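Only one structure is covered here, and it is reproduced in the block below.
Source: prediction; values computed, not measured.
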Amino acid sequence: VQLQAFGGGLVQAGGSLRLSCAASGSSIRGYTVGWYRQAPGKQRELVATMTGAGRINYAEFVKERFTISRDNAKNTVDLQMNSLKPDDTAVFYCNTCKFGRNFWGQGTLVTVSS
């Protein structure tokens, strides 16, 4: 599975961005997908995941601000981010776990200015 994330950029605090992740090479239908982020000098952390059955888990720090969604027909996973804060500045990665392996996209940089 190859994952390509895009949609990052520079946004002011309080603004919105929509990240998209396109999967190719294999379908991600029925598998857990997720978004993670890594801020400068910090470890990668979970942002949101969605199981193949549609069960969603959000990190506490993004609840009611971010929304994860998937389009199985398009083989994509999106992350709508609203009310962005400077602390949200990070490289965002999409992920799926299939056949017992983790697959990662290349990351897309989100910078939130104050």
Side-chain angles (χ1 to χ4, degrees):
V1 180
Q2 293 82 46
L3 302 174
Q4 184 173 6
F6 51 94
L10 174 63
V11 63
Q12 288 188 332
S16 299
L17 279 176
R18 188 176 184 89
L19 305 182
S20 293
C21 178
S24 61
S26 180
S27 174
I28 56 174
R29 180 192 297 265
Y31 293 92
T32 295
V33 293
W35 286 94
Y36 293 73
R37 72 183 188 185
Q38 187 167 16
K42 295 186 177 181
Q43 291 190 336
R44 192 171 299 187
E45 61 184 355
L46 180 148
V47 175
T49 59
M50 178 184 284
T51 68
R55 184 180 303 169
I56 294 174
N57 177 52
Y58 290 107
E60 193 65 34
F61 55 78
V62 303
K63 282 185 178 179
E64 299 184 6
R65 297 192 299 128
F66 293 7
T67 303
I68 188 172
S69 60
R70 67 193 299 169
D71 186 328
N72 287 327
K74 295 182 179 179
N75 223 21
T76 58
V77 183
D78 288 357
L79 185 69
Q80 176 66 42
M81 304 187 295
N82 300 326
S83 302
L84 283 162
K85 307 174 182 179
D87 285 349
D88 293 320
T89 294
V91 177
F92 283 72
Y93 299 89
C94 56
N95 165 276
T96 190
C97 185
K98 188 171 183 179
F99 307 134
R101 287 183 55 192
N102 270 308
F103 295 89
W104 296 93
Q106 84 286 5
T108 185
L109 176 62
V110 173
T111 303
V112 185
S113 63
S114 56

Partner of L10 under side chain to side chain contact (heavy atoms under 4.5 Å, CB included), picked from T89, V110, T111, V112, is T111
Hydrophobic cluster identity match, [X] and [Y], side-chain contacts under 4.5 Å:
| X | Y | value |
| --- | --- | --- |
| F92 | Y58 | yes |
| I68 | V62 | yes |
| F66 | V11 | yes |
| L109 | L19 | no |

Under 30°, 30 to 60°, or over 60°: which ring-plane class applies to Y36 and W104, parallel, tilted or perpendicular?
-> perpendicular
Please report the interatomic distance [atom1]([X]) to [atom2]([Y]), rounded to the nearest 0.5 Å.
| X | Y | atom1 | atom2 | value |
| --- | --- | --- | --- | --- |
| K85 | S114 | NZ | OG | 14.0 Å |
| L17 | Q80 | CG | CD | 8.5 Å |
| R37 | R44 | CZ | CZ | 13.0 Å |
| L79 | T108 | CG | OG1 | 11.0 Å |

Nearest non-hydrogen partners of [X] and [Y], listed with the distance:
| X | Y | result |
| --- | --- | --- |
| S16 | N82 | OG-OD1, 2.9 Å |
| C21 | W35 | CB-CZ2, 3.6 Å |
| A5 | Q106 | O-NE2, 2.8 Å |
| M50 | I56 | CE-CD1, 3.4 Å |
| C97 | N102 | CB-OD1, 3.8 Å |
| R65 | S83 | NH1-O, 2.9 Å |

Would you say the side chain of V33 lies within less than 4.5 Å of the side chain of L3, judging by non-hydrogen atoms?
-> no
Any donor and acceptor pair, going by atom type alone, linking the side chain of [X] with main-chain N or O of [Y] inside 3.5 Å?
| X | Y | answer |
| --- | --- | --- |
| N75 | A23 | yes |
| K98 | S27 | yes |
| T96 | T32 | yes |

Distance-only polar pair, side chains of R70 and N72, donor-acceptor under 3.5 Å = yes
Does anything in residues 9-28 pair up under salt bridge (Lys or Arg N to Asp or Glu O under 4.0 Å), and if so which pairs, sequence neighbours excluded?
-> R18-D78
Any disulfide bond (SG atoms under 2.5 Å apart) pairs touching residues 29-75, not counting sequence neighbours?
-> none
Hydrophobic cluster mates of F99, side-chain heavy atoms under 4.5 angstrom, ILVMFWY only, any path?
-> Y31
